[in-house]
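Working notes, beginning with the structure itself.
Protein chains get the first letters and strands the later ones, always in sequence-line order, with residue 1 at the start of each. In what follows, every heavy atom counts, from backbone to side chain, and hydrogens, waters and symmetry copies are set aside.
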Amino acid sequence: MKQPTSISELKNHVGREVTLSGWIHHSRPGGKICFIVLRDGTGFCQLVVEKNEQTASFYDDIKRLSQESSLEVTGTVHADERATGGFEVRVTHANVIHAARDYPITPKSHGIDFLMRHRHLWFRSQRPWNVLRIRATVVDQIRRFFNDNGYVLIDTPIFAPAAGEGAQTLFKVDYFGDPVYLAQTGQLYLEAACMAHRKVYCFGPTFRAEKSKTRRHLTEFWMVEPEIAFASLDDVIAVAEDFVCSLVERVLRDHSDELTALGRDLSELEAIKKPFYRLRYDQCVELLHSSKARELLENDLVAKQARISELGAKIDELDTLVKSDAAQWKKDKAAGEVIELREDRVELQEQMGNIPHHIELAKNFEWGGDLGGSDETIISRLHDRPVFCTHYPKGVKAFYMRECRDDARVVENFDLLAPQGVGEIIGGSAREEDYDRLLARIEHEHLPQADYEWYLDLRRFGSVPHGGFGLGVERTVAWICGVKHIRETIPYPRMMGKFYP
RNA sequence: UCCCCGAUAGCUCAAUGGUAGAGCGAGCGGCUGUUAACCGCUAGGUUCUAGGUUCGAAUCCUAGUCGGGGAGCCA
């Protein structure tokens with residue numbers, strides 16, 4: 001087969017003849033002219049086939065091809081404003097490779113359940129295509145950032161003994177008769193490795209058996225975890241800050257087209273610059289108790305109520321249009337919008353119902369508790385850049401986190417809250433390097449000391465201050481792309497009760 | 001585990017106790033600049049399951065199954 005030209009390279013071939021191979025994304029056949037949007041994996045391009053002497057032999061075959069048929073065409077590239085993407089190919093030769101029939105994903109709207117059950121085909125649609133390209137770049141930038149900054153990749157095991165944080169959130173696997181668990185973090189293993197290589201990271205899938213059904217949860221997701229020796233909490237936070245900035249910069253540099261196609265507000269991403277905000281837990285509590293927090297939510301209530309009225313008016317208006325004798329396509333479009341607006345309205349109503357509860361939660365927040373989802377939302381919405389929340393109470397955090405030497409009630413940890421409601425994308429900490437303190441925490445939490453002997457060894461032999469963090473890839477991609485649900489940010493999402501295809 | 005909502009044609013949805021419909025998709029025909037094109041015709045249904053109320057149930061009641069959203073928990 002002759003080497004075809006990529007649609008992404010068409011701009012370099014204007015006026016010349018090219019051969020493209022790909023799939024029919026959309027077809028609008030006419031009696032004597034046929035428009036086809038072809039996708040070849042690198043982009044989308046309009047083909048124009050006119051019925052004339054040159055095309056007579058294949059015109060009727062092409063015209064009848066339906067969505068997702070594969071073909072090879074030859075023609076001349078023209079710049080044309082009427083074509084999506086700005087270029088079109090006027091076809092002179094065509095070779096049908098496979099005529100598809102009854103492709104399930106039509107140009108009209110579909111429910112999320114249907115699309116997820118057809119994930120293997122949904123990849124071909126524009127939105128998943130854009131999102132997964134950005135994911136690939138995020139993953140590449142993750143590796144580059146650490147590889148270029150002197151970190152050594154250490155692959156940590158997927159099968160792990162129970163030793164970890166709570167075993168109740170882990171998937172249990174039968175390992176030749178012994179119970180082992182799918183890893184939910186490689187951190188403890190990394191701590192050992194960073195004493196050998198100084199700066200290390202692991203990157204791979206991680207598993208949580210939490211029975212969560214929300215837009216922020218998957219049972220299998222990807223996490224990158226760096227771990228650094230001779231590092232203080234501030235050092236680790238500085239790395240996290242540079243790291244997140246580099247991810248956003250790279251995606252902005254390479255994917256502004258995809259972001260725009262996804263409807264992402266680029267200015268929000270361009271504003272992601274150092275320094276991010278740093279708030280100690282104490283300050284978070286103060287903020288939650290403050291009039292600013294209450295006003296934010298009260299204003300929210302008013303704004304949402306206004307928005308609901310607005311939606312209601314819009315829905316009525318469109319409903320009138322649907323019942324009128326307007327053109328059918330206008331009515332279809334209006335009906336589609338009505339469905340979307342109704343969904344938005346239901347969501348807003350649910351959010352409104354939660355606000356009084358959130359006001360109470362914030363007002364009555366007591367020192368010592370963990371910050372809940374609504375509390376995080378309040379904190380991140382009161383800031384225009386990502387926020388590091390640090391120094392949480394010891395009681396709500398894991399045993400390995402370093403006790404703050406100035407205030408023994410808290411540990412040296414941090415969470416990074418992304419803006420725009422995605423919530424926590426990073427959790428990290430300085431690790432307790434003092435043998436006696438660590439042992440005391442293990443005993444206090446009633447953890448089986450024998451399982452942690454190897455981990456305690458790290459504090460017996462040349463213990464140094466060290467720390468690290470974990471970044472959730474899917475939440476990060478969701479934030480950068482502006483997609484609401486992280487199930488769209490991983491090729492094959494695994495959720496509670498869902499593992500097909 | 002808890003709360004709210006839903007399940008009708010391949011898809012998205014209507015039908016407000018009284019003959020199950022529309023658009024898209026599919027098939028056929030028409031149309032020389034379309035952007036979710038448009039026009040005409042055709043095919044397409046065990047209204048999630050099991051009980052119940054009723055002269056009559058897609059519609060009301062009970063239980064279950066599956067799905068969506070949220071809470072908790074988390075990246």
With a distance cut-off below 6.0 Å to the six-membered ring centre and an angular limit of 45° from the axis, does A:Lys172 pair with A:Tyr181 as a cation-pi contact?
no
Atom CG of A:Asp80 to atom C1' of B:U35: distance rounded to whole Å?
12 Å
For B:C66 versus B:C28, give the span between their C1' atoms, rounded off to a whole number of Å.
38 Å
Would you please classify the geometry between the A:Tyr201 ring and the A:Tyr151 ring as parallel, tilted or perpendicular, with 30° and 60° separating the classes?
perpendicular
Check every strand shown and say whether A:Ile426 touches a base, only sugar-phosphate, or nothing at a heavy-atom separation below 4.0 Å.
sugar-phosphate
Nearest to the side chain of A:Arg101 - B:G27, B:C74, B:G33?
B:G27
If the C1' atom of B:A22 is compared with that of B:A57, how far apart are they to the nearest Å?
23 Å
Donor/acceptor link under 3.5 angstrom from A:Arg475 side chain onto base of B:C74
yes
Less than 4.5 Å apart, any side-chain heavy atom of A:His110 and any of A:His118?
no
Given the side-chain rings of A:Trp129 and A:Phe123, with only the six-membered ring counted for Trp, is the space between their centroids under 6.0 Å?
no
Atom P, compared across B:A20 and B:U34: separation rounded to whole Å
43 Å
Which whole-number value in Å describes the distance from A:Arg487 CZ to B:G67 C1'?
11 Å
C1' atom, B:U1 versus B:G56: distance in rounded Å?
42 Å
Between B:G70 and A:Arg215, is there an OP1 or OP2 to side-chain N/O distance shorter than 4.0 Å?
yes
Reckon A:Gly30 touches a base, only the sugar-phosphate, or nothing at all at heavy-atom distances under 4.0 Å?
base
Under 4.0 Å, heavy atoms only, any strand: does A:Asp415 hit a base, just the sugar-phosphate, or nothing?
nothing
Test log, rule side chain to side chain contact (heavy atoms under 4.5 Å, CB included), inputs A:Gln46 and A:Leu38
CA-CA 6 Å; A:Gln46 173 160 287; A:Leu38 187 80; over 6 Å; no
How does RNA chain B look in dot-bracket form if you count Watson-Crick and G-U pairs under 3.5 Å, write [ ] for pairs that cross, and put | where a base pairs with another strand?
(((((((..((((....[..)))).(((((.......))))).....(((((..]....))))))))))))....
Nucleic acid footprint by protein, nucleotides 6-11 of chain B - heavy-atom cut-off 4.0 Å, B for base, S for sugar-phosphate alone
-----S
Just checking, A:Arg208 and A:Phe221: is the charged tip under 6.0 Å from the six-membered ring centre and within 45° of the axis?
no
A:Met496 has an atom CE; how far is it from atom C1' of B:U1, in whole Å?
9 Å
Integer angstrom distance from the P of B:G10 to that of B:U49:
14 Å
Which label fits A:Trp222 and A:Phe203: parallel for a plane angle under 30°, tilted from 30 to 60°, or perpendicular past 60°?
perpendicular
Reckon A:Gln46 touches a base, only the sugar-phosphate, or nothing at all at heavy-atom distances under 4.0 Å?
base
Is the distance between the ring centroids of A:His25 and A:Phe44 less than 6.0 Å?
yes
Rounded to whole Å, CZ of A:Arg28 lies from P of B:U32 at a distance of 16 Å
A:Arg216 side chain N/O closer than 4.0 Å to the phosphate oxygens (OP1, OP2) of B:G72?
no
Can you measure A:Lys397 atom NZ to B:C74 atom C1' for me and round it to whole angstrom units?
9 Å
Inter-nucleotide C1' distance (B:U53, B:A36), Å rounded:
45 Å
Looking at the side chain of A:Ile33, which of B:G72, B:C74, B:G33 is the nearest nucleotide?
B:G33
When all nucleic acid strands are considered with a 4.0 Å heavy-atom cut-off, which category describes A:His485: base, sugar-phosphate, or nothing?
sugar-phosphate
Quick one: label A:Thr206 by what it contacts on the DNA or RNA (base, sugar-phosphate, nothing), any heavy atom closer than 4.0 Å.
nothing
If I pick the C1' atom on B:U8 and the same atom on B:G44, what distance separates them, to the nearest angstrom?
14 Å
Measure from NE2 on A:His25 to C1' on B:U35 and round the result to the nearest Å.
11 Å
Aromatic-base stack, A:Phe221 on B:A75, cutoff 5.5 Å, angle under 30:
yes
Evaluate A:Glu412 against A:Arg402 for salt bridge (charged side-chain N to carboxylate O under 4.0 Å, His left out), listing each step before the verdict.
CA-CA 5 Å; A:Glu412 292 184 351; A:Arg402 186 177 197 266; 3.1 Å; yes
Side chain of A:Glu50, heavy atoms from C-beta onward: which of B:G72, B:A75, B:G33 has the nearest atom to it?
B:G33
Is the shortest side-chain N to carboxylate O distance from A:Arg475 to A:Glu424 below 4.0 Å?
no
Measuring from the side chain of A:Arg82 (C-beta onward, heavy atoms only), which nucleotide among B:A75, B:G72, B:U35 has the closest atom?
B:U35
Of the nucleotides B:G33, B:C74, B:G70, which one has an atom closest to the side chain of A:Thr214?
B:G70
N/O donor-acceptor pair, side chain A:Glu88 with base B:G33, under 3.5 angstrom
yes
Could you state the CZ-P distance from A:Arg208 to B:C73, rounded to the nearest angstrom?
15 Å
Could you check A:Leu218 against A:His357 and say which one's nearest nucleotide on RNA chain B is further toward the 5' end?
A:His357
By side-chain hydrogen bond (donor to acceptor under 3.5 Å, both in side chains), which residues pair with A:Asn52, not counting sequence neighbours?
A:Thr55
Give the rounded distance in Å between these two atoms: CD of A:Glu424 and P of B:A75.
5 Å
With rounding to the closest Å, how many angstrom separate the C1' atoms on B:A50 and B:C11?
28 Å
Hey, what's the ring geometry for A:Phe146 with A:Phe243, parallel, tilted or perpendicular (30° and 60° as the breaks)?
tilted
